[in-house]
Amino acid sequence: MPAITLPDGSVRRFDGAVTGTTVAEAISPGLARAALAMRCDGELRDLVARIATDATVTLITRKDPEALELIRHDAAHVMAQAVQELFPGTQVTIGPAIENGFYYDFARNEPFTPEDFPAIEARMREIVARDDKFVREEWDRDEAIAFFQQRGEKYKAELIEDLPEDAVISLYRQGSWVDLCRGPHLRGTGDVGGAFKLTKVAGAYWRGDHRNAMLSRIYGTAWRDQKELDSYLHMLEEAERRDHRRIGRELDLFHLQEEAVGSVFWHPKGWRLYRTAEAYMRRRLDAAGYLEVKTPQLVDRSLWERSGHWEKFRDYMFIAQVEDEDRTYALKPMNCPGAVMIFRQGVRSYRDLPLRLAEFGACHRYEPSGALHGIMRVRAFLQDDAHIFCTEEQVADETVRFVDLLASIYRDFGFPEFKVKFSDRPAMRAGSDAVWDRAEQALKEACATAGVEYTLNPGEGAFYGPKLEFVLRDAIGRDWQCGTLQVDFVLPERLDAEYVAEDGGRRRPVMLHRAILGSLERFLGIVIEQYAGRFPFWMAPLQVVVATIVSDADAYAEEVAAVLRAKGLQVGVDLSRQKINAKVRDHSVQHVPVIAVVGRREAENRTVALRRLGGEAQEVLSLEEAAALLAAEAVPPDLGGPARA
RNA sequence: GCCGGGUUGGCCGAGUGGCUAGGCACCUGAUUUGUAAUCAGGCUCACAGGGGUUCGAGUCCCUUACCCGGCACCA
């Protein structure tokens, strides 16, 4: 006779077997209809699961967040059943709920295409209409393996074989269809509802390993009701409008072309944006005690051999040779060896540490063709890189300083929030396990000191050390690593960096590789999407357009522009013989933050009429007032501009 | 790199194997105009490159390049 504690704290006792259904019925008929699953002592379970002992039970209804995840998971099962009914011989593998939806990976000789969607969706709706109940069964391990093997489901059999010996093997039936699944599920296929849509197909390697077979993945999205689905689809359309590739073209910021795959052609406005970001970073790094350096682009192979890049990173390096010389060079894919070469010049003392060498380093990497993405993932990019040479004891303090600096800079660019991932030792690495133990430990302790909360990203570290990744999200919801902090005990050893310690002995410095924006290209891509091209005033590549109403005001318009330019503003002039309405529209579409309108009145009174992007009111000021006001607004946040206040 | 889908003028975008839409932009002329598109006329080597099938290919097939979506890889 279990005692069930409900969320409001009340306790109910039952005679005999208790399930979520029993509990729901005991509370109210309405809840009995609405309950889809339950949380039992914190664990999400089937509504019909038996509750054997005293427990705290929360019933899950459609409006709970957990329900949405279950709807998506169930939708994946329904899709898998539909696919197997329509395409016999297709094997099922795995099919989880993901953010905004679900997917299922299938093994089939002929991959699926979007043309298959209507038939699959129609069959899914039939299965939902059948409302077959989900029935959980627990199987003996060997019997389960035999069962799936005999059905030709070798992937499922393999999954079971790899489960731990003591794992519970659970299968879920829905009508005639059955799948290996941990569960839990909703009550029946009917609970999935109709608010789902298949969205895309993709190849995906079995178990995420490129050496394995390629499976055919179908993605779908699923929601509680049609309204939520519609609003999600609408959000996707909106996100498409923010795509930096589209805005880059529309605002004439940059372009890409076949002859230079993965390299950006920056147009004047785009380059202005780039320079604004770079100048801002330079000021921040100067203020934070960094010394800027510049190291060679083309470096002899021998240095890359010593650094370990030739062995570990060669597939990503552009190799260069010349006719008359029997040498092999490589375009630098990273700036670190160059920084070490500067550190090694002369004798360094412990008094020089920490030595923070910054470099706006242009790197080239031969990225896999399928990885390229607009300006976010390119083959030529500029890193706001720096290498901090310090002692092991200084690592924690340097980490704290770095994280503070990064957070402040992200805030200035409009990103108060970001994620942090901790990536530890990869399979392909340089340095002994003992060194990695020390490096990982040092970084973990530094995070604790800095108060950084992170998620673990196992096996994703750089080949020379563990790293923190600072991640921002683009308009479509994709995560991008921007900032990074990497602890390196390996390169100083390989490239023989050393300093004289207090006791006169020679020591190896620790090297912190760090970047804040990461690559200017990627970061600006995200900034473009963040603002959808409507940049804050201090960043806008074209801040003001002076637009005339009559040609009599042309000379005055030029004078206004000159006054504003003298204040350091980016100013355009529109003397074309169009109506002011057309000019306002043209420059508004180009997201120019301020249009300064001048007609006869303004020319006579030496005033300008300022019109803000998106606003309707105009503000008539004297030329001097307008210039002072706009100049003040254009001050970057780090120089006390309004953006930070 | 792998799987799938694409590639039609500067941009967007129609086009059952049979004379290649349309819109925006651009150019010319008229209009001197007061806050998100003035009117009229005109122009452009547009079917990604190569090969094939066919009396005939933007349309079907093969191939290369690039792009897009994922996967893998990564700032």
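Convention: sequence-line order gives letters A, B, ...; per-chain numbering from 1.
- Comparing B/rU28 with B/rC66, their C1' atoms are spaced 37 Å from each other, to the whole Å.
- Base contact: A/Arg577 has a heavy atom under 4.0 Å from a base atom.
- A/Ala582 comes within 4.0 angstrom of sugar-phosphate atoms only, judged by non-hydrogen atoms across all strands, and of no base.
- If you look at A/Phe102 and A/Phe196, their ring centroids are not closer than 6.0 Å.
- In the interface, the side chain of A/Arg377 is paired with the base of B/rC73 through a donor and an acceptor atom under 3.5 Å apart.
- Heavy atoms of A/Ala202 sit under 4.0 angstrom from at least one base atom.
- Listed by chain and residue number, nothing satisfies the ring-ring contact (aromatic ring centres under 6.0 Å, His included) test with A/Trp436 (two or more places apart in sequence, or in another chain).
- Nucleic acid contact for A/Glu240: none, since no nucleic acid atom lies under 4.0 Å from a heavy atom of the residue.
- A/Glu460 comes within 4.0 angstrom of sugar-phosphate atoms only, judged by non-hydrogen atoms across all strands, and of no base.
- Aromatic rings from A/Tyr280 and A/Phe413 are positioned such that their centres are separated by under 6.0 Å.
- Across all strands, A/Ile580 comes closer than 4.0 Å only to sugar-phosphate atoms, never to a base (heavy-atom distances).
- Helical stems in RNA chain B, defined as runs of 3 or more consecutive Watson-Crick or G-U wobble pairs with both donor-acceptor distances under 3.5 Å, are listed by first residue as B:1-7 with B:65-71, B:10-12 with B:22-24, B:26-30 with B:38-42, B:48-52 with B:60-64.
- Checked against side chain to side chain donor-acceptor pair (under 3.5 Å), A/Trp304 has no partners two or more places apart in sequence or in another chain.
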Enumerate the protein-to-nucleotides 6-14 of chain B contacts in which both atoms are nitrogen or oxygen and the separation is below 3.5 Å.
residue : atom : partner  : partner atom : Å
B/rC12  : OP1  : A/Arg249 : NH2          : 3.3

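- Listed pair A/Lys579 / B/rA36 fails the phosphate criterion, with no side-chain N or O lying under 4.0 Å from OP1 or OP2.
- Within the 4.0 angstrom heavy-atom criterion, no nucleotide atom of any strand lies near A/His587.
- Residue pairs satisfying the salt bridge (charged side-chain N to carboxylate O under 4.0 Å, His left out) criterion with at least one member in residues 511-535 of chain A, sequence neighbours excluded, are absent.
- Across all strands, A/Lys200 comes closer than 4.0 Å only to sugar-phosphate atoms, never to a base (heavy-atom distances).
- Under the rule for a side chain to side chain donor-acceptor pair (under 3.5 Å), the partners of A/Arg425 that lie at least two apart in sequence or sit in another chain are A/Asp437, A/Glu440.
- B/rA75 and B/rG6: their C1' atoms are spaced 28 Å apart (whole Å).
- Contacts between residues 416-427 of chain A and RNA chain B, counted as heavy-atom distances below 4.0 Å, involve no residue at all.
- B/rA75 has A/Phe381 stacked on its base ring, the centres lying under 5.5 angstrom apart and the planes within 30 degrees of parallel.
- When ring centroids are compared, A/Phe523 and A/Phe415 come within the 6.0 Å threshold.
- Nucleotides B/rC12 and B/rU16 have their C1' atoms positioned 24 Å apart, rounded to a whole Å.
- Residue side chain A/Tyr205 does not reach the base of B/rG70 through any donor-acceptor N/O pair under 3.5 Å, judged by distance alone.
- Nucleic acid contact for A/Tyr316: sugar-phosphate only, since backbone atoms but no base atoms lie under 4.0 Å from a heavy atom of the residue.
- Distance check on atom P: B/rG15 versus B/rA21 gives 14 Å, rounded to whole Å.
- Judged by distance alone, the side chain of A/Lys419 and the main-chain N or O of A/Arg473 form no donor-acceptor pair under 3.5 Å.
- Below 30°, between 30° and 60°, or above 60°: for A/His309 and A/Tyr464 the angle between ring planes is between 30° and 60°, a tilted geometry.
- Aromatic ring centroids of A/Tyr104 and A/Phe106 lie under 6.0 Å apart.
- A tilted orientation is assigned to the rings of A/Phe313 and A/Phe463, their planes being inclined by 30° to 60°.
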Please list, for nucleotides 63-67 of chain B, all pairs of protein and nucleotide N/O atoms separated by less than 3.5 Å.
residue : atom : partner  : partner atom : Å
B/rA65  : O2'  : A/Glu258 : OE1          : 2.6

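- Nucleotides B/rU64 and B/rA14 place their C1' atoms 28 Å apart, quoted to the nearest Å.
- Proximity of residues 477-484 of chain A to RNA chain B (heavy atom under 4.0 angstrom from any strand atom) is restricted to A/Arg478, A/Gln481, A/Cys482.
- A donor-acceptor contact shorter than 3.5 Å links the side chain of A/Asp384 to the backbone of A/Leu517.
- Between the side chains of A/Glu460 and A/Gln481, no donor-acceptor pair is found at a separation under 3.5 Å.
- Distance from the side chain of A/Arg600 is smallest to B/rU33 among B/rA75, B/rU33, B/rA37.
- A gap of 28 Å separates the P atoms of B/rG34 and B/rG23, to the nearest Å.
- Among residues two or more places apart in sequence or in another chain, the side chain to side chain donor-acceptor pair (under 3.5 Å) test is passed with A/Asp243 by A/Arg245.
- Look at A/Arg211 and A/Asp209 and you find a salt bridge, because one of the NZ, NE, NH1 or NH2 atoms lies within 4.0 Å of a carboxylate O, short of that distance.
- Contact annotation for A/Ala609: base contact, defined as any heavy-atom pair under 4.0 Å involving a base atom.
- The aromatic rings of A/His373 and A/His244 sit tilted, their planes meeting at an angle between 30° and 60°.
- More than 12 non-hydrogen atoms from other residues, nucleotides or ligands lie less than 6.0 angstrom from CD of A/Gln257.
- Comparing A/Asp243 and A/Gly599, the nucleotide of RNA chain B nearest to each residue sits closer to the 5' end for A/Gly599.
- Counting only heavy atoms from C-beta on, A/Ser519 has its side chain closest to B/rA75 among B/rA75, B/rC71, B/rA72.
- Atom P of B/rG9 sits at a distance of 15 Å from the matching atom of B/rG58, rounded to the whole Å.
- Closest contact between the side chain of A/Arg522 and the listed nucleotides B/rA36, B/rC74, B/rG34 involves B/rC74.
- Among the candidates A/Asn212, A/Asp105, A/Asp162, the single residue satisfying the side chain to side chain donor-acceptor pair (under 3.5 Å) test with A/Arg207 is A/Asp162.
- Remark: A/Arg282 engages A/Glu278 in a salt bridge, criterion side-chain N to carboxylate O under 4.0 Å.
- No side-chain donor-acceptor contact under 3.5 Å links A/Glu602 and A/Tyr556.
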Could you write out each protein N or O paired with an N or O of nucleotides 42-47 of chain B at a distance under 3.5 Å?
none

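- Base contact: A/Pro368 has a heavy atom under 4.0 Å from a base atom.
- When heavy atoms are screened at a 4.0 angstrom cut-off, A/Tyr219 is found touching the sugar-phosphate backbone but no base atom.
- Residue order along RNA chain B, read from the 5' end via each residue's closest nucleotide, puts A/His373 first among A/His373 and A/Glu367.
- With both ends at atom C1', the span from B/rA46 to B/rG22 equals 14 Å, rounded to whole Å.
- Checked against side chain to side chain donor-acceptor pair (under 3.5 Å), A/Glu69 has no partners two or more places apart in sequence or in another chain.
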(request) Report the C-alpha distance between A/Arg600 and A/Glu604 in whole Å, list the side-chain angles of each, state the deciding distance to 0.1 Å, and finish with yes or no for salt bridge (charged side-chain N to carboxylate O under 4.0 Å, His left out). (result) CA-CA 6 Å; A/Arg600 283 204 185 90; A/Glu604 279 166 23; over 6 Å; no

